[in-house]
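First the structure, in the form of structure tokens, and then the observations on it.
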Amino acid sequence: MTTHAPQAAQTAQTAKLPGTLDEAVEALAAMPAAVPVAGGTDLMTSVNAGLLRPAALVGLGRISEIRGWQYQDGHALLGSGLTHARVGRPDFAALIPALAAAARAAGPPQIRNAGTLGGNIATAGPTGDTLPVLAALEAILIIAGPGGARREVPVSHLLAGMDMLRPGELIGFVRLPLLHAPQVFLKATGRTGPGRATASVALVLDPARRGVRCAVGAVAPMPLRPLEAEQWVASLIDWDGERTIVPEALTAFGEYVAAACIPDQPPADDGSPQPLPPAVLHLRRTVAALARRALGRALS
């Protein structure tokens with residue numbers, strides 16, 4: 001499994017390849033030390049770095065039921081085994097464009113071909129490209145548990161640590177609303193081409209609720225929702241007309257989002273203001289620019 005740390009990460013002693021989601025749950029329940037693996041893009045990074053030595057693996061690659069998607073009462077029910085490459089295809093982009101854009105930005109082709117939606121959620125890395133989109137869409141996770149049990153958890157609760165996966169549980173499906181309205185995902189990286197995000201913004205319009213939902217990724221351990229900024233800008237949009245706002249409002253929205261997600265430092269002991277470090281100030285400006293552009297594209 002590795003050429004870099006053979007002492008720290010040897011081949012797992014047991015590997016199970018279940019054919020159904022319930023069989024996978026049963027395998028995990030029977031082997032509490034087992035690690036589920038789908039694409040393995042995050043797992044193998046930890047193994048090769050000597051940070052993880054799985055005692056057993058439960059492979060999810062043969063479970064066809066979690067590798068597709070379907071319509072369900074105005075929602076899309078996505079299998080957790082969908083790869084980034086599949087989510088990024090044009091047919092999917094026509095339904096949930098922001099998620100498709102995030103999937104296409106999730107690294108080079110070999111990563112997109114292997115990495116899965118469920119793996120991105122379960123790993124919950126701060127720079128996971130799909131996470132701010134899922135947060136902005138207020139996705140619901142369908143969790144499979146022992147004995148055929150199913151429970152629903154908002155993705156934001158899992159990412160915030162408010163409701164964690166229990167022993168023997170797996171993320172089976174992700175339910176997203178089909179809003180049939182503009183959605184945008186933008187990402188800034190530290191270099192040209194595919195790379196880890198230094199900041200990302202997902203923005204979706206919800207005309208039925210006359211709402212704007214925005215989530216900022218990579219600047220904190222989990223995606224951040226600037227709720228006051230969302231409510232403020234939604235009140236300025238002409239929902240019955242052409243959904244336009246003045247250019248000054250776009251700029252103000254970007255600054256509002258950035259300040260909410262990267263707040264000012266507390267004042268010094270003498271009450272004087274404390275400037276943000278240059279790197280943090282640059283990051284705030286990046287978030288402001290991404291949020292401004294995302295809203296502008298959604299309303300154009």
Side-chain angles (χ1 to χ4, degrees), residues 21 24-25 28-29 31-43 45-47 49 51-55 58 60 66 78-82 84 98-99 102-103 106 115-146 149-177 185 187 196-202 204 213-230 257-258 260-263 266 280 283 287:
L21 186 58
V25 168
L28 287 173
M31 301 183 296
V35 176
V37 56
T41 54
D42 292 310
L43 174 68
T45 298
S46 298
V47 168
L51 302 176
L52 180 66
R53 181 183 175 181
V58 175
L60 309 179
I66 62 171
L78 314 181
S80 61
L82 280 169
H84 298 309
L99 189 60
T116 63
L117 181 62
N120 217 205
I121 299 169
T123 303
T127 59
D129 290 314
T130 66
L131 302 185
V133 179
L134 296 175
L137 289 170
E138 298 179 346
I140 299 295
L141 307 179
I142 313 299
I143 308 297
R150 300 290 188 270
R151 67 187 182 97
E152 299 186 358
V153 176
V155 69
S156 58
H157 288 195
L158 183 70
L159 298 178
M162 298 167 58
D163 195 341
M164 304 298 290
L165 290 177
R166 300 164 187 167
E169 288 189 330
L170 282 171
I171 300 171
F173 303 92
V174 182
R175 189 169 68 235
L176 296 172
F185 172 79
K187 168 182 173 179
R196 290 188 179 275
T198 56
S200 61
V201 168
V204 300
R213 298 207 291 272
C214 176
V216 177
V219 301
M222 64 179 212
L224 302 177
R225 287 279 303 276
L227 298 178
E228 291 184 359
E230 293 177 0
V257 169
C261 297
I262 307 175
V280 177
L283 183 60
V287 171

> What residues form a side chain to side chain contact (heavy atoms under 4.5 Å, CB included) with Ala139, not counting sequence neighbours?
Replying inline: Leu134, Val155, Val174, Leu176
>> For Arg225, give me all partners under salt bridge (Lys or Arg N to Asp or Glu O under 4.0 Å), at least two apart in sequence or on another chain.
In response: Glu138, Glu230
>> Tell me every residue that passes side-chain hydrogen bond (donor to acceptor under 3.5 Å, both in side chains) with Thr130, counting only those two or more places apart in sequence or in another chain.
In response: Asn120
> Would you say Ile143 and Leu165 make side-chain contact, with heavy atoms under 4.5 Å?
Replying inline: yes
>> Looking at every heavy atom in both Ala124 and Leu159, which two are closest together, and how far apart are they?
In response: CB-CD2, 3.9 Å
> Run the side chain to side chain contact (heavy atoms under 4.5 Å, CB included) check on Val287 and Val257 step by step: do they pass?
Replying inline: CA-CA 8 Å; Val287 171; Val257 169; 4.2 Å; yes
> Is there side-chain contact between Phe173 and Leu21, with heavy atoms separated by less than 4.5 Å?
Replying inline: yes
>> Can you list everything that forms a side-chain hydrogen bond (donor to acceptor under 3.5 Å, both in side chains) with Arg166? Sequence neighbours excluded, please.
In response: none
> For the residue pair Pro54 and Val35, what are the closest heavy atoms and their distance?
Replying inline: CB-CG2, 4.0 Å
> Which pairs with one or both residues in residues 124-133 pass salt bridge (charged side-chain N to carboxylate O under 4.0 Å, His left out), sequence neighbours excluded?
Replying inline: Asp129-Lys187
>> Using modelled atom types and a 3.5 Å cut-off, is there a donor and acceptor pairing between side-chain atoms of Thr116 and backbone atoms of Gly81?
In response: no
>> Do Leu60 and Pro36 have side chains that approach each other closer than 4.5 Å (heavy atoms only, starting at C-beta)?
In response: yes
> With Met162, which residues qualify under side chain to side chain contact (heavy atoms under 4.5 Å, CB included), at least two apart?
Replying inline: His157, Ala160
>> I need the Leu117 CG to Leu99 CG distance, nearest 0.5 Å.
In response: 6.0 Å
> Can you name the side-chain hydrogen bond (donor to acceptor under 3.5 Å, both in side chains) partners of Thr127, sequence neighbours left out?
Replying inline: Arg196
>> If you compare all heavy atoms of Ala34 against all heavy atoms of Val58, which two are closest, and at what distance to 0.1 Å?
In response: CB-CG2, 3.9 Å
> Roughly how far apart are Leu141 CG and Ile121 CD1, rounded to 0.5 Å?
Replying inline: 5.0 Å
Which pairs would a plain distance check flag for residues 213-224, meaning a side-chain donor or acceptor within less than 3.5 Å of a matching protein atom at least two apart in sequence or in another chain?
{"unit_1": "Arg213", "atom_1": "NE", "unit_2": "Ala136", "atom_2": "O", "d": "2.7"}
{"unit_1": "Arg213", "atom_1": "NH1", "unit_2": "Asp206", "atom_2": "OD2", "d": "2.9"}

> Nearest heavy-atom pair of Phe185 and Pro132: which atoms, and what distance?
Replying inline: CE1-CG, 4.1 Å
> Who passes side chain to side chain contact (heavy atoms under 4.5 Å, CB included) against Ala103, sequence neighbours left out?
Replying inline: His84, Val87
> Is there side-chain contact between Arg175 and Leu137, with heavy atoms separated by less than 4.5 Å?
Replying inline: no
>> Which residues pass the side chain to side chain contact (heavy atoms under 4.5 Å, CB included) test with Val25, not counting sequence neighbours?
In response: Ala144, Pro146, Leu170
> Run the side chain to side chain contact (heavy atoms under 4.5 Å, CB included) check on Leu158 and Ile171 step by step: do they pass?
Replying inline: CA-CA 11 Å; Leu158 183 70; Ile171 300 171; 4.0 Å; yes
